[in-house]
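Data first, discussion second: the structure below is written as structure tokens.
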Amino acid sequence: MINNAAISRVLRQIAYLIELEESHDNDTNKNKSNAVFKIRAYRRTADVIENLSSNVEEIYNKWKLKGLTEIPSIGKAIASKMEEYITTGKIEYFEELKKRTSINVDEFYHLEGIGIGPRTVKTLHERLGIKDLSELEKAAKEGKIHILPGFSYKKEESILRKIQSFKKGRGRYLLGDIYPIVKQIEVRLSNLRGVKKAIAVGSFRRMKETVGDIDYLVSSDTPEIVMDYFASMPEVDEVIGKGPSKTFVKLNNGMDADLLVVPKESFGSALQYFTGNKEHGVALRKIAISRGLRLNEWGLYDSNTDGIVAGSKEEEVYDILGLEWIPPEMRENNGEIKLAKKERTNESNNLKLPDLINYNDLKGDLQVHSNDTDGMISIRDIALAAKEKFGLEYIAITDHTKNLALTHGLDEAGLLNQANKISELNDEIKNHSKNSNNKSDSGSGSSNDRFRILSGAEVNILKDGSLDISNNILDKLDVVGAAIHSNFTQPVEVQTDRLIKASKNPSVDIIFHPTGRIINKREGYPVKIEKLFSVAQDTNTILEVNAHYNRLDLKDEYIRMAIQNDVKLAINSDAHHYVHFAFLIFGIGQARRGWAKRSDILNTLSVDKMLNSLK
DNA sequence: GCCGTTTTCGGCCCGACTGTTTTCAGTCG
């Protein structure tokens, strides 16, 4: 399967090569400007494909060219080049472009995005004959670049630094890995003198599973104080740029961080400007133009009078553009703008934005591990923390079962023992909370009274789709999750059949981490996901949104598809220690990115209702 | 090359920062 990144890379290189050629000849202005837009079109398509959650080859296999051209920004010309790439592994046009230059595009196009673009490379090629990265580095080290017109010592040094930085590698960070430090800096910025508001925007605010760099937006009338602080934070390795309203730094974890400071009159428009993905932003600015307005980070302006129409509040910006406020997690230009339109037409009559699940809507967690197997703490400790530190009303202990030997998985007797132990603990906790409630005389019955530990298991789906624990034992447990932990490299049909057989098993309530992916590390095993959705719907099998930030499985696009297929979901932490309950926000964020409502998520229900709605 | 509530031609989102450009090009998000 060709991944989107590969196709995106080819398109980006095509754009790069056209741009290199473009500055060669002395075309008329007309042709030049056409080339500019052609380059832009290839880049835009590369962006779109890179951010697409569906695989383009799958789209092509299913709907051929028509499927490709239905993706926004992709027309006939680029679609047929993509088709050529998918079916033959090559694009003739791309090969010709490569033949016409000796510059190593495959190396140089990486430097785009870190300040060395095609025009600079072209000049260096013409003046010094530089063809690849090692020649560029050599020339910079030998001081051959700064003597060229239009260059300087500073530029030469900057080229060297950027090559070093590129060699170190630049990837996307897992949201959960950077979340604590991003929030910490956000709090410190908020507490600075003169700061009214400080917030991390961009893909972080959209709760995207991976984040490339981090953007802070601050409202203050004294920007210099904020920017001086930002540039001198202990985490800052290097200040890359600093102007009157923006500062760019590199943090010591390798991540780029940008800061924008605006007056409070512009905070809402800046929030809007820097939160949505690029396409969402472009779409909004086009709507502005169509209404005789102009939108930028400083405000929404009347094009004729230049007077400001909105800016301090994000809601106002959306409102004046005729849109409902769109939750950040949805701002990906995936159809949310159409749903947000206030003006109802025949076509959009019954379309509106979904009322997304909120970050405090989960009442329980249906995948929790204890030190009976590979968890780190006891059932009692993790349960008490779930109740007292995280305000949950129930958790299900779903330890691994016997076939997963490396976790010391439980056998039938072990599961029944554990279920008995849980029953005793429930009695104890009940008494404990009664006593503490009496002491504090807290009046009306709090959620404490209702806390409950559920017995359960995470059983293994074996190679043939059967389970490693018999049904008569599983039926004695409150919640049964099933998951694939072995034989990852089966053909798609086999893998899908395993999951379907498990879903059809009357003892299985939930399929845990249904695709088995580990973000940035492991692709999930191949699954015909629509088939699984259809069986899950038929059999009332819950699919999990695993909230651990390295899984987030199901992913956002699949969540959206599952909901469209009336499949119920559960958001679970997969906690092996009570600190892991903090991961639930990532699962909720992912569910919101998949447009999930509260009613789509099983564990927003109270424990009895939740148990009643299982098979 | 893409696209359509000025629909098959003629436009195409917008501003900040850097460098050496004293009026702008290159690059980024």
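In what follows, chains are A, B, ... by sequence order, proteins preceding strands, each numbered from 1. Since we're looking at a predicted model, the values are computed, not measured.
- One can find a donor-acceptor pair under 3.5 Å joining the base of B:dG29 and the side-chain atoms of A:Y273.
- A donor-acceptor contact under 3.5 angstrom links the side chains of A:N277 and A:E279, judged on distance only.
- Residue A:K81 has a polar side-chain atom (N or O) positioned under 4.0 Å from OP1 or OP2 of B:dG1.
- If you find the closest nucleotide of DNA chain B to A:T247 and to A:V121, the one lying nearer the 5' end belongs to A:T247.
- Within the shown strands, nothing qualifies as a pairing partner of B:dT8 under the Watson-Crick or G-U definition with both distances less than 3.5 Å.
- One interatomic measurement links the two molecules: CZ of A:R40 to P of B:dG10, which rounds to 19 Å at whole-angstrom precision.
- Here the side chain of A:D258 is nearest to one of B:dA16, B:dG29, B:dG19, namely B:dG29.
- Considering only side-chain N and O atoms, A:W298 lies under 4.0 angstrom from the phosphate OP1 or OP2 of B:dA16.
- Residue A:R44 places no side-chain N or O under 4.0 Å from the OP1 or OP2 atom of B:dC13.
- Rounded to an integer number of Å, the gap from A:R161 CZ to B:dG19 C1' is 13 Å.
- The nearest whole Å value for the distance from the CD atom in A:E19 to the P atom in B:dA25 is 14 Å.
- A:I289 comes within 4.0 angstrom of sugar-phosphate atoms only, judged by non-hydrogen atoms across all strands, and of no base.
- A donor-acceptor contact shorter than 3.5 Å is absent between the side chain of A:R592 and the backbone of A:E329.
- Under 4.0 angstrom from either OP1 or OP2 of B:dC17 there lies at least one side-chain N or O belonging to A:S245.
- Using a 4.0 Å heavy-atom criterion, one finds that A:S290 contacts no nucleic acid atom at all.
- Stacking of A:F37 onto the six-membered ring of B:dC12 is present: less than 5.5 angstrom between centres, less than 30° between planes.
- Look at CD1 on A:I145: it is 15 Å from C1' on B:dG19, rounded to the nearest Å.
- Spacing between B:dG10 and B:dG15 at atom C1', rounded to whole Å, works out to 25 Å.
- Taking only side-chain atoms of A:S152, from C-beta outward, the nucleotide of B:dC12, B:dT20, B:dG15 with the closest atom is B:dT20.
- Both tests pass for A:K555 against the ring of A:Y558: distance under 6.0 Å to the centre and angle within 45° of the axis.
- Taking atom P in both B:dG11 and B:dA16, one finds a spacing of 26 Å when rounded to whole Å.
- When the P atom is compared between B:dC12 and B:dC17, the two are found 25 Å apart, to the nearest whole Å.
- Closest approach to the A:N296 side chain among B:dC17, B:dG15, B:dC13 is made by B:dG15 (side chain taken as heavy atoms from C-beta onward).
- Comparing the C1' positions of B:dC13 and B:dT20 gives a spacing of 29 Å, expressed to the nearest Å.
- Contact check, A:K246 against B:dA16: no side-chain N or O comes under 4.0 Å of OP1 or OP2.
- In this model, the phosphate group of B:dG1 is not approached by any side-chain N or O of A:T45 to a distance below 4.0 Å at OP1 or OP2.
- Taking the P atoms as reference points, B:dC2 lies 23 Å from B:dT6, given to the whole Å.
- Of the candidates B:dG15, B:dG1, B:dC13, B:dG15 carries the atom nearest the A:E297 side chain, counting heavy atoms from C-beta on.
- Residues A:L111 and A:F151 both approach DNA chain B. Their nearest nucleotides, taken by heavy-atom distance, put A:F151 toward the 5′ side.
- Within the 6.0 Å centre-distance limit, the rings of A:F586 and A:Y179 are counted as a close aromatic pair.
- Atom-to-atom, CD of A:E156 to P of B:dT18 comes out at 20 Å; the value is rounded to the nearest Å.
- With hydrogens and angles disregarded, no donor-acceptor distance shorter than 3.5 Å links the side chain of A:S219 to the backbone of A:P263.
- Using a 4.0 Å heavy-atom criterion, one finds that A:L284 contacts no nucleic acid atom at all.
- Comparing B:dC13, B:dG19, B:dG26 against the side chain of A:R119 picks out B:dG26 as the nearest.
- OP1 or OP2 of B:dG15 sits under 4.0 Å from a side-chain N or O of A:R294.
- When distances run from any side-chain atom of A:I78 to the nucleotides B:dT27, B:dC14, B:dG1, the shortest one goes to B:dG1.
- A:L260 has its CG atom 13 Å from the C1' atom of B:dC14, to the nearest Å.
- A cation-pi arrangement is absent between A:K81 and A:F94 under the rule of less than 6.0 angstrom and at most 45 degrees off the ring axis.
- The listed nucleotides are B:dG29, B:dT27, B:dG1; the one nearest the side chain of A:A77 is B:dG1.
- The distance between atom CZ of A:F248 and atom P of B:dG19, rounded to the nearest whole Å, is 12 Å.
- When the options A:I18, A:L17, A:I14 are evaluated for a side-chain contact (heavy atoms from CB on, under 4.5 Å) with A:I39, the one that passes is A:I18.
- On the C1' atoms, B:dG26 is 11 Å away from B:dT21, given to the nearest whole Å.
- A:I214 places its CD1 atom 14 Å from the C1' atom of B:dG29, with the value rounded to the nearest Å.
- Figure legend: cation-pi geometry between A:R12 and A:Y109 absent, as NZ or CZ is not positioned both under 6.0 Å from the six-membered ring centre and within 45° of its axis.
- A distance of about 23 Å separates the P atoms of B:dT8 and B:dC14, rounded to the whole Å.
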